[in-house]
Q: 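There's a structure below that I have some questions on.
A note on names: the letters A, B, ... follow the listed sequences, proteins ahead of strands, and every chain is numbered from 1.
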Amino acid sequence: MLDQRLVRENPTLIALELERRGMQVDLAPLQQIAQQQRDLEEKRSNLQAEGNRIGKQVGQLIKTGLDPTSNEIINLRKEGNLIKQEVSLLEEEEKKASFALKEKLLSLPNLPSKECPDGKGENDNQEIRRWGNPRKDNNLFEHWEIADQLKLFETERSARISQSRFVTLINEGARLERALINFMLDLHTSKGYKEILPPVLVNTESLTGSGQLPKFADESFKCAEDDLWLTPTAEVPVTSFHRNEIIASEKLPLRYVAYSPCFRREAGSYGRDTRGLIRLHQFNKVELYWFCHPEQSEKAHKEITNDAEAVLQALELPYRVIDLCTADLGFSAARTFDLEVWLPGANAYREISSCSICGDFQARRSSIRTKDGKMTKLVHTLNGSGLAVGRTMAALLENGQQSDGSVVLPKALIPYFGKSRLQQIKSIV
RNA sequence: GGAGAGGUGGCCGAGUGGUCGAAGGCGCAGCACUGGAAAUGCUGUAUAGGGGCAACUCUAUCGAGGGUUCGAAUCCCUCCCUCUCCGCCA
């Protein structure tokens, strides 16, 4: 959420920055509401001050022995009643204004950071660096073909259980998924991340706090009987882990790693990535999340990206880092580095992690602050996948595939998976 | 799900209609005392919004939302949460 004061005092700046995202917004009406809200608040609080004075006066008069039914007190009570009426009228108007203001503010995305490259679409994203040597042989299989051969997951039966875009991992596929989650969590906790395993059903406030609501309700699954949604990413519960808190400055930065299943409706993606593990309604993800001092967040953004990259490096998966342009930024992000892993079977780089700095955007929505001397300041938040587990498995299958049909796994995974190679088996499921 | 108890500041805990943003204690910070420290003493110590260069000041907040009243932490209503017992359950 954007700062109300900025809306009142410098709407032009906001309009300019949103334009970088490709949005044309007329902020004049918003500014007007913000101004109106403040004026009403001022009027109301002055009246209340007057009412408080009268209340105190009555109390004192009665204490000094004046008859409560005396004219003096009756007149004061009348005056008090008049003020009360006026206040309630003003209050009603003020509430309307604040509600309208908040509703609009919650629907505006974050402003891009100065460093974020301007652009009109994904072609304007900028590649920052590459790591590893991508395999480019011909006749390589895509991951679902390999998985099918090795009997790692079940698609048709999953549709029977749920619907399309769900997968049931079986045999060594299930084991590999579990190994990957543990491997990632261990890698990050060894670097000082605190591990948390949050609820995956989250309430409306939590989704609003991190930016998924009110605008993207159709992207999340909602429970019909309760104010609960299936979380689309651990970013949501982790943000709200500290919602409405003031975090002691010496505790910052707080760095969390959270594994969670993630649920997305993928509305509007019909026909895209219909096979395999790339785009599912439910997938596993290990998420990195930082709460930090505003002054540290730029540096933190590089660190969280490096920490996500470390997983790919340990798994010997070639990748590139993309600096998303303003048009491609997510709603809450001020700047985002995407990590794209090389999929030799698909002959393409695919997003496997998205590392964003959100500045104070989520902190303001969620009211997460810290003390800077006597000042109370909003913290900055950052998040990054470390990594999306299903896509990691896809990458391992495609990158490790051998001509004999087996898949060689990276050394780092052996302690977790138990062996170095996936081979044709007689399915035990 | 049923029955009962309760939700007050960073923590403990007083406060059942009147100047209460809230006694007292703990904790924390500063100062004094000390060779240094402990102990002691003094002072300060919530959040949000508005006004002011500032000192400061106004408003709101005692789980949340309504209501009664000139005036509510205190009375009334609704909801939420926590605890204890019973039931159910992985």
Q: Hey, does the side chain of A:K56 come within less than 4.0 Å of B:C20's phosphate (OP1/OP2), counting only N and O?
A: no

Q: Rounded to whole angstrom units, what separation is found between the CD atom of A:E205 and the C1' atom of B:G65?
A: 13 Å

Q: Could you tell me how far B:U74 sits from B:G6 if I compare only their P atoms? Round to whole Å.
A: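 Going atom to atom, P in each nucleotide, I get 15 Å.
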
Q: Taking only side-chain nitrogens and oxygens of A:R8, does any of them come within less than 4.0 Å of OP1 or OP2 of B:G49?
A: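 The answer is no; no side-chain N or O of A:R8 sits under 4.0 Å from OP1 or OP2.
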
Q: Whole angstrom is fine here: how far is it from CD1 in A:I368 over to P in B:A48?
A: 14 Å

Q: Pick the P atom in B:G25 and in B:A14, then give their distance to the nearest Å.
A: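 About 15 Å, rounded to a whole number of Å.
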
Q: Looking only at atom P, what distance separates B:A38 and B:C33, rounded to whole Å?
A: 15 Å

Q: Is there a Watson-Crick or G-U wobble partner for B:U19 with both distances under 3.5 Å, and if so, which one is it?
A: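 By the stated definition (distances under 3.5 Å), nothing pairs with B:U19.
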
Q: Once you apply the 3.5 Å cut-off to both distances, tell me the Watson-Crick or G-U wobble partner of B:C83, or none.
A: B:G4

Q: Rounded off to whole Å, could you give me the CD1-to-C1' distance for the A:I247 and B:G10 pair?
A: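 Rounded to the whole Å, the gap is 15 Å.
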
Q: When the C1' atoms of B:G9 and B:A5 are considered, how many whole Å apart are they?
A: 23 Å

Q: How about A:H301 and A:F337: are their ring centres within less than 6.0 Å of each other?
A: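 Under 6.0 Å, so yes.
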
Q: Distance between the C1' atoms of B:G65 and B:A72, in whole angstroms?
A: 15 Å

Q: Taking any heavy-atom pair under 4.0 Å as a contact, classify A:K78: base, sugar-phosphate, or nothing.
A: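 Nothing, no nucleic acid heavy atom in range.
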
Q: Does B:G9 pair with anything, Watson-Crick or G-U wobble, both distances under 3.5 Å, and if so, with which nucleotide?
A: none

Q: Among B:C70, B:C58, B:U19, which nucleotide sits nearest the side chain of A:Q60?
A: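 That would be B:U19.
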
Q: Do you know which two heavy atoms are closest between A:T233 and A:C262, and how far apart they sit?
A: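 In terms of heavy atoms, the two residues are closest at CA-SG, 3.7 Å.
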
Q: For the C1' atoms, the ones on B:A23 and on B:A73, what distance do you get once it is rounded to whole angstrom?
A: 14 Å

Q: If you check every side-chain atom of A:Q48, which of B:A48, B:A60, B:G50 has the closest atom?
A: B:A60

Q: Under the side-chain hydrogen bond (donor to acceptor under 3.5 Å, both in side chains) test against A:Y319, which residue among A:E351, A:E340, A:Q313 passes?
A: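 Only one option passes, and that is A:Q313.
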
Q: Check every strand shown and say whether A:S367 touches a base, only sugar-phosphate, or nothing at a heavy-atom separation below 4.0 Å.
A: nothing

Q: More 5' along RNA chain B: A:I246 or A:R38, using each one's nearest nucleotide?
A: A:I246

Q: To the nearest Å, how far apart are A:Q35 CD and B:G51 C1'?
A: 13 Å

Q: Rounded to whole Å, how long is the line connecting atom CG of A:N52 with atom P of B:C70?
A: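 Value for this atom pair: 14 Å.
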
Q: Of all the choices, B:A48, B:G50, B:U19, which nucleotide is nearest to the side chain of A:R5 once you look at every atom?
A: B:G50

Q: Does A:R8 use its side chain to pair, donor to acceptor, with the backbone of A:R38 at less than 3.5 Å?
A: no

Q: Give the minimum heavy-atom separation between A:F361 and A:P109, together with the two atoms involved.
A: CE1-C, 3.6 Å

Q: Go through B:G50, B:U59, B:U19 for me and flag the one nearest to the A:E41 side chain.
A: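 For the A:E41 side chain, the nearest candidate turns out to be B:G50.
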
Q: Mapping A:I62 and A:V58 onto RNA chain B by nearest heavy atom, which one lands closer to the 5' end?
A: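 Per heavy-atom nearest nucleotide, the more 5' residue is A:I62.
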
Q: Looking for any heavy atom pair under 4.0 Å, which part of the strands does A:R53 touch: base, sugar-phosphate only, or nothing?
A: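 Here A:R53 touches no strand at all.
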
Q: Taking only the side-chain heavy atoms of A:N81 (C-beta and beyond), determine which of B:C58, B:C70, B:A60 contains the nearest atom.
A: B:C70

Q: Quickly work out the A:M375 CE to B:A46 P distance and round it to whole Å.
A: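 Nearest whole value for this atom pair: 16 Å.
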
Q: Taking the side chain of A:K63 as heavy atoms from C-beta outward, which of B:U59, B:A48, B:U19 is closest to it?
A: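 Closest of the options to the side chain of A:K63: B:U19.
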
Q: Sort out the partner of B:G36 for me: Watson-Crick or G-U wobble, both distances under 3.5 Å, none otherwise.
A: none

Q: Nearest whole Å is fine: how far is B:G71 P from A:Q85 CD?
A: 11 Å

Q: What is the pairing partner of B:G27, taking Watson-Crick or G-U wobble pairs with both distances under 3.5 Å in any strand?
A: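 Pair assignment: B:G27 / B:U45.
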
Q: Can you tell me which nucleotide in B:A60, B:C70, B:G66 comes closest to the side chain of A:K95?
A: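 Between B:A60, B:C70, B:G66, the one nearest the side chain of A:K95 would be B:G66.
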
Q: Are OP1 or OP2 of B:A48 and a side-chain N or O of A:R369 less than 4.0 angstrom apart?
A: yes

Q: Heavy atoms only: give me the nearest A:I83-A:G51 pair and the separation to one decimal.
A: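 Heavy-atom minimum between the residues: CD1-N, 4.0 Å.
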
Q: Which part of the nucleic acid, if any, lies within reach of A:K251 when heavy atoms closer than 4.0 Å are counted: base, sugar-phosphate only, or nothing?
A: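 Nothing, no nucleic acid heavy atom in range.
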
Q: Between B:A29 and B:A46, how far is it from one C1' atom to the other, in whole Å?
A: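 Looking at atom C1' only, B:A29 and B:A46 are 15 Å apart.
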
Q: Partner of B:U68 by Watson-Crick or G-U wobble geometry, both contacts under 3.5 Å, or none?
A: none

Q: Can you measure A:E91 atom CD to B:G50 atom C1' for me and round it to whole angstrom units?
A: 15 Å

Q: So if I apply the side-chain hydrogen bond (donor to acceptor under 3.5 Å, both in side chains) rule between A:R243 and each of A:S366, A:S210, A:S206, which one comes out positive?
A: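 When side-chain hydrogen bond (donor to acceptor under 3.5 Å, both in side chains) is applied between A:R243 and each of A:S366, A:S210, A:S206, only A:S206 qualifies.
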
Q: Counting Watson-Crick and G-U wobble pairs only, both distances under 3.5 Å, name the nucleotide matched with B:C53, or none.
A: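 Its partner is none (no Watson-Crick or G-U wobble pair with both distances under 3.5 Å).
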
Q: In whole Å, what separates the C1' atom of B:U84 from that of B:C79?
A: 22 Å

Q: Cation-pi check, A:R175 to A:F417: give yes when NZ or CZ is under 6.0 Å from the six-membered ring centre and within 45° of the ring axis, no otherwise.
A: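 Yes, a cation-pi geometry holds between A:R175 and A:F417.
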
Q: Please name the nucleotide paired to B:C88 by Watson-Crick or G-U wobble geometry with both distances under 3.5 Å, or report none.
A: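 In the structure as shown, B:C88 has no Watson-Crick or wobble partner.
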
